[in-house]
Amino acid sequence: MITRIVRIEEKNPNPPEMKELGEIIKRGGLVAFPTETVYGLGGDALNPESSKKIYAAKGRPSDNPLIVHIAREEDLDALVSEIPENAKLLSDAFWPGPLTMILKKSPLVPTETTGGLDTVAVRFPSHRTAQELIKAGGGYIAAPSANLSGKPSPTLAKYVLEDLDGRVDAIIDGGDIPIGLESTIVDLTGDVPMILRPGYITKKMLESVLGEVKTDPTILDANSKERPKAPGMRYRHYAPKGELTIVEGSREDVIDYINRALSDAGEADLKTGVIATNETAAFYCADIVKKAGNRNAPEETAASLYRILREFDDENVEVIYSESFQEDGIGDAVMNRLLKAAGHKKIVL
Ligand code: TXA
Ligand code: MG
């Protein structure tokens, strides 16, 4: 299959090519597209064959369900058996945007799309190009992140191409992605709403609308023997080729510790890298030092984290140290993804 690449700017999200891209989806084909969180790998959510193709293209286990993307709030009705009050409150507050809700599915949604579950994940993205593709493609697009299973979610079209060239019909290159980490997932099928994956919409924001909100305890505890409720969170997640360690402590202690560890690694002839901030980058003596934005701007770290991890792989860095980041706002999601990438290896000084 030859993968076609179409450049579409969000400020002009509905060029003439969009109709053809929608036709590809309607015919059962696959189109990767930008969203405000990460690039998605889209197919017709109501067509079981499309969902099977998505799993095959990603190399993903078929018991790991897909998120159904819609472009009009009223399209939620057909996907779910009932809309609880909490879902109305959340959609009013945060849709369109980086929030995915888990609800009881209707018979319209094939179990191929939900990985065999009787619930469905639904998201109404705010990215205008995503919205136009969803509308052109018939209204319901199933889309996991557009990476090969086991790699970081792509935040640039070049990474989508690297992973999916020849595996999808088309890729929409929409340039940079504003957020850079996947959507918050909240399960509304239990008594108390539960966060299954942290993201840009934080627990505090959800609580301000819903009152009590829990977090799936298995994603907070690295040693938990229980299975996370979002099947995707239980698969071994992306780990860089290099050995990644997070170091937490006062600024001076962290710089000191990492520099000593770097000099040991250097003596052993290993290629070294550091994930630092704008304020601290100059103090490290690694082969490659990456800046993950300003220390007090977790959204800048979110937007650069996956790109940095991919670059370290391309540069064959063997030993990586990362500073630890504040866990407020999207910083919570940043640390969730970073800890996973590090296999939970964190040194607290
Ligand atoms: O920001 C995002 O959510 C991106 C963009 C493309 O929209 N999509 C994304 O999809 O991250 P994916 O497939 O990479 O992650 C979906 C996660 C997986 O962990 C999956 O297990 C979980 O959502 N999930 C999907 N349906 C579910 C369900 N019915 N119950 C529990 N978890 C579900
Ligand atoms: Mg993913």
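Every number for a ligand or one of its atoms is a count from 1 in the order of the listing.
A salt bridge links Glu20 to Arg4: at least one charged side-chain nitrogen sits closer than 4.0 Å to a carboxylate oxygen. A salt bridge is absent between Arg128 and Glu132; no separation between the charged side-chain nitrogens and carboxylate oxygens falls under 4.0 Å. For Asp173 and Arg7, the salt-bridge test passes: some basic side-chain N is under 4.0 Å from an acidic carboxylate O. Checked for salt-bridge contact, Lys151 and Asp163 meet the test: a charged N lies under 4.0 Å from a carboxylate O. Using a 4.0 Å cut-off between a side-chain N of Lys or Arg and a carboxylate O of Asp or Glu, Asp313 and Arg310 do not qualify as a salt bridge. Using a 4.0 Å cut-off between a side-chain N of Lys or Arg and a carboxylate O of Asp or Glu, Arg123 and Glu36 qualify as a salt bridge. Between Glu315 and Lys271 there is no salt bridge, since none of the side-chain N atoms of the basic residue sits less than 4.0 Å from a carboxylate O of the acidic one. Taking 4.0 Å as the cut-off between side-chain N and carboxylate O, Arg260 and Asp264 do not count as a salt-bridged pair.
Ranking protein heavy atoms by distance to atom 13 (O) of ligand 1, first place goes to Arg60 NH1, 2.8 Å. The single protein non-hydrogen atom nearest to atom 5 (C) of ligand 1 is Thr37 OG1, 3.6 Å, given as residue, atom name and distance. Protein heavy atom at the shortest distance from atom 15 (O) of ligand 1 is Arg197 NH1, 3.1 Å. The shortest contact between atom 28 (C) of ligand 1 and any protein heavy atom is with Ile102 CD1, 3.5 Å. Closest protein heavy atom to atom 24 (N) of ligand 1: Pro65 CG, 3.7 Å. The protein non-hydrogen atom at the shortest distance from atom 6 (C) of ligand 1 is Gly40 CA, 3.5 Å. Looking from atom 17 (C) of ligand 1 to the surrounding protein, the closest heavy atom is Ile185 CD1, 3.5 Å. With hydrogens left out, the protein atom closest to atom 29 (N) of ligand 1 is Thr119 OG1, 3.0 Å, a heavy atom.
Residue Lys104 places its NZ atom among 12 or fewer non-hydrogen atoms of other residues, nucleotides or ligands, all under 6.0 Å distant.
Residue Lys229 approaches ligand 1 through these ligand atoms, each under 4.0 Å from one of its heavy atoms: 31 (C). The Ser183 neighbourhood of ligand 1 comprises atoms 1 (O), 2 (C), 3 (O), with distances under 4.0 Å to a heavy atom of that residue. Of all atoms in ligand 1, numbered sequentially from 1 with element shown, those under 4.0 Å from a heavy atom of Ser145 are 8 (N), 9 (C), 10 (O), 12 (P), 14 (O). Annotation for ligand 1: atoms under 4.0 Å from non-hydrogen atoms of Ala121 are 25 (C), 26 (N), 27 (C). Near Leu117, with a cut-off below 4.0 Å to any heavy atom, the atoms of ligand 1 are 28 (C), 29 (N), 30 (N).
Residue Ser145 counts as close to the Mg ion (ligand 2), with an N, O or S atom under 2.8 Å.
Contacts between Lys58 and ligand 1, counted as non-hydrogen atom pairs separated by less than 4.0 Å, are absent for every part of the residue. Heavy atoms of Arg123 found under 4.0 angstrom from ligand 1 belong exclusively to the side chain.
In this structure, His69 is part of the shell of residues with a heavy atom less than 4.0 angstrom from ligand 1. Distances from ligand 1 to the non-hydrogen atoms of Asn64 include at least one value under 4.0 Å.
One option in Ser153, Ala230, Pro144, Pro61 has a heavy atom closer to atom 10 (O) of ligand 1 than any other, and that option is Pro144.
Relative to the six-membered ring of Phe312, Lys241 misses at least one condition, a distance below 6.0 Å or an angle of at most 45° to the axis.
Between Phe283 and Arg251 the shortest side-chain heavy-atom distance falls below 4.5 Å.
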